[in-house]
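In what follows, a single structure is set out as structure tokens and then discussed.
We name chains A, B, ... by the order of the sequence lines, and we start the count at 1 in each one. Bear in mind that the values here come from a model prediction, so they are computed numbers and not experimental data.
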Amino acid sequence: MTAKRVSYTLDSSLQSVNTAEETAQLLASKAGFDEDNCLRISMAVREAAVNAVLHGNAYDPNKKMTIAFENTGRALVITVTDEGRGLDVSKVPDPTTPENLLKQSGRGIFLMRSFMDEVRIRLLAPGTEVTMVKNVSGPAEHHKEASK
Amino acid sequence: MTAKRVSYTLDSSLQSVNTAEETAQLLASKAGFDEDNCLRISMAVREAAVNAVLHGNAYDPNKKMTIAFENTGRALVITVTDEGRGLDVSKVPDPTTPENLLKQSGRGIFLMRSFMDEVRIRLLAPGTEVTMVKNVSGPAEHHKEASK
Amino acid sequence: MSMKSITRQVDGITIVDLSGRITLGEGSVVLRDIVRDLVTKGQRKILLNLGDVTYIDSSGIGELVSAFTTVRNQGGELKLLNLTKKVHDLLQITKLYTVFDVKDDEATAVAAFK
Amino acid sequence: MSMKSITRQVDGITIVDLSGRITLGEGSVVLRDIVRDLVTKGQRKILLNLGDVTYIDSSGIGELVSAFTTVRNQGGELKLLNLTKKVHDLLQITKLYTVFDVKDDEATAVAAFK
Ligand SMILES: Nc1ncnc2c1ncn2[C@@H]1O[C@H](COP(=O)(O)OP(=O)(O)O)[C@@H](O)[C@H]1O
Ligand SMILES: Nc1ncnc2c1ncn2[C@@H]1O[C@H](COP(=O)(O)OP(=O)(O)O)[C@@H](O)[C@H]1O
């Protein structure tokens, strides 16, 4: 894996969500991840992109989503940002508790966390930045500790 | 009003829904409808376009929505078609009955009927065609009878 | 084009001033998110000020209904303030006008919460 | 790319063979419409065959859950048939696997309805 970074600025549409998902699938595969991990990465990216378009930018034609992929050699680092109202993670309930299990929504961030080794959410002013890390050879605990 | 017909073929996206709504607003105004009726027409068109994109074509990039506006001199006749799975109107419940009143959805076709003088829904193979008529000078009963 | 919102507190009531369009895509998800956030934070008395709402479609109406039932199911109250004629007519047509508690003066609305 | 569905009747059970993607936009509204139509027509025993479903996102999972609760609230039963490994894993992760009655053989599934 050689280090490189590529970034896309996309309209707030469902088509952009599909573009983000497909690009993630392609770049994950190029970065050497196996089929299962490519799928996990592309699903996490899809969830982040849906949130950016739907909850963040609310399909506003004047607001863009950006998605950046960086291959650090040890990991694929993917950053999805929007220009929306901001996400307060402390207010996002656990979708697997009995009282939330049969709710229709609320599983997006949970799935990102399940599929990636690390998910960091940061408030911009305005907007939200979601950074997702997938290590080349499974969860690297020391790396996780170091980046906290 | 002079007779004329214009037709657009649009992608199955929310952007197309907005385009359809704005075009309806413009053409209704050109056809001489007052502000209130222009709004009613554009709202009915928006509901028909949402249904075509969401329920009909289900955002499929290979399926198109078409919207045609015809000014017959007596009425503005608007036809929205999709290439979807077809709509069986007999299965659409009345959203104003007590058991449906607090449902989240199911008011689109009802609003089209409320805002336009006439709404006809026809199954294509495959797809749905929704024809909506707004008379230039209010509901013309004899015209309605004749077209049944 | 899209919806904007400002949330403020008056005498223990959360007032949400909405402006713009509450339609599929643009405003309806935002409205849902706002109401869910308030309920998660424990707010149970919510007044939606629709005075500057320019357009609502059937999806927006659905979101208003579902905000209403969400808050009520948590033992709270959601009221509407300052309907424009358009929005008023829309609620009349859909027979929802009597479902909502609609006020046209903020002080009266605030005082009307239990 | 988008979702396809075929609906058939076997011994009083409605089997819906789904294929493609159940995701926001593409398949999730279609799935909702199909289940609502069946329930409106009085069908209360529904078996969703997910054998050819290639991709489900959180919105698709939400639609499956809501299909399940819609049918159950009408006194009916909705079961799942033929999960691929991907879909199986997704239901495990989200703790929904034990919520659904999942079968991997059509005849067994049909016989399992009350
Ligand atoms: N980019 C974002 N901007 C603003 N709010 C967000 C964003 N992403 C998520 N949220 C909020 O967090 C909640 C939970 O998100 P998620 O776990 O993805 O589930 P869902 O999207 O199904 O609700 C959303 O309902 C929304 O209120
Ligand atoms: N163009 C269409 N193609 C297929 N099904 C449709 C179409 N339009 C409407 N429907 C069906 O009719 C139902 C009622 O539509 P509508 O009254 O517009 O309310 P809503 O869209 O809020 O459900 C929809 O839920 C859908 O199942």
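- With values rounded to the nearest 0.5 angstrom, C:Ile93 atom CD1 is found 4.5 Å from B:Phe115 atom CZ.
- Distance check: C:Ile61 CD1 to B:Gln104 CD gives 12.0 Å after rounding to the nearest 0.5 Å.
- Residues B:Met43 and C:Lys86 form no side-chain contact, since every pair of their non-hydrogen atoms from C-beta on lies 4.5 Å or further apart.
- For C:Ile56, the part lying under 4.5 angstrom from a heavy atom of chain B is the backbone only.
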Output, in order, the C-alpha distance, side-chain angles, deciding distance and verdict of side chain to side chain contact (heavy atoms under 4.5 Å, CB included) for B:Leu111 and C:Thr94. CA-CA 8 Å; B:Leu111 287 182; C:Thr94 52; 3.8 Å; yes

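- To the nearest 0.5 Å, atom CG of residue B:Asp36 and atom CG of residue C:Asp89 are 8.0 Å apart.
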Taking it one step at a time, do C:Asp57 and B:Glu47 satisfy side chain to side chain contact (heavy atoms under 4.5 Å, CB included)? CA-CA 7 Å; C:Asp57 68 1; B:Glu47 297 297 338; 3.4 Å; yes

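- When the shell of 6.0 Å around CG of C:Asp11 is examined, it contains 12 or fewer heavy atoms from other residues, nucleotides or ligands.
- Here the NZ-CG distance, from C:Lys95 to B:Asn100, works out to 11.5 Å after rounding to the nearest 0.5 Å.
- Note that OH of C:Tyr55 and CZ of B:Arg46 are 6.0 Å apart. Values are rounded to the nearest 0.5 Å.
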Test side chain to side chain contact (heavy atoms under 4.5 Å, CB included) applied to C:Thr23 and B:Val17, step by step: CA-CA 11 Å; C:Thr23 56; B:Val17 169; over 6 Å; no

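- Contact of B:Ser114 with chain C is made through the side chain alone, with heavy-atom distances under 4.5 Å.
- Atom CD of C:Gln9 sits in a crowded spot, with more than 12 heavy atoms from other residues, nucleotides or ligands closer than 6.0 Å.
- With a 4.5 angstrom heavy-atom cutoff, B:Leu14 touches chain C only via side-chain atoms.
- Both the backbone and the side chain of B:Ser42 come within contact range of chain C, each with at least one heavy atom under 4.5 Å from a heavy atom of that chain.
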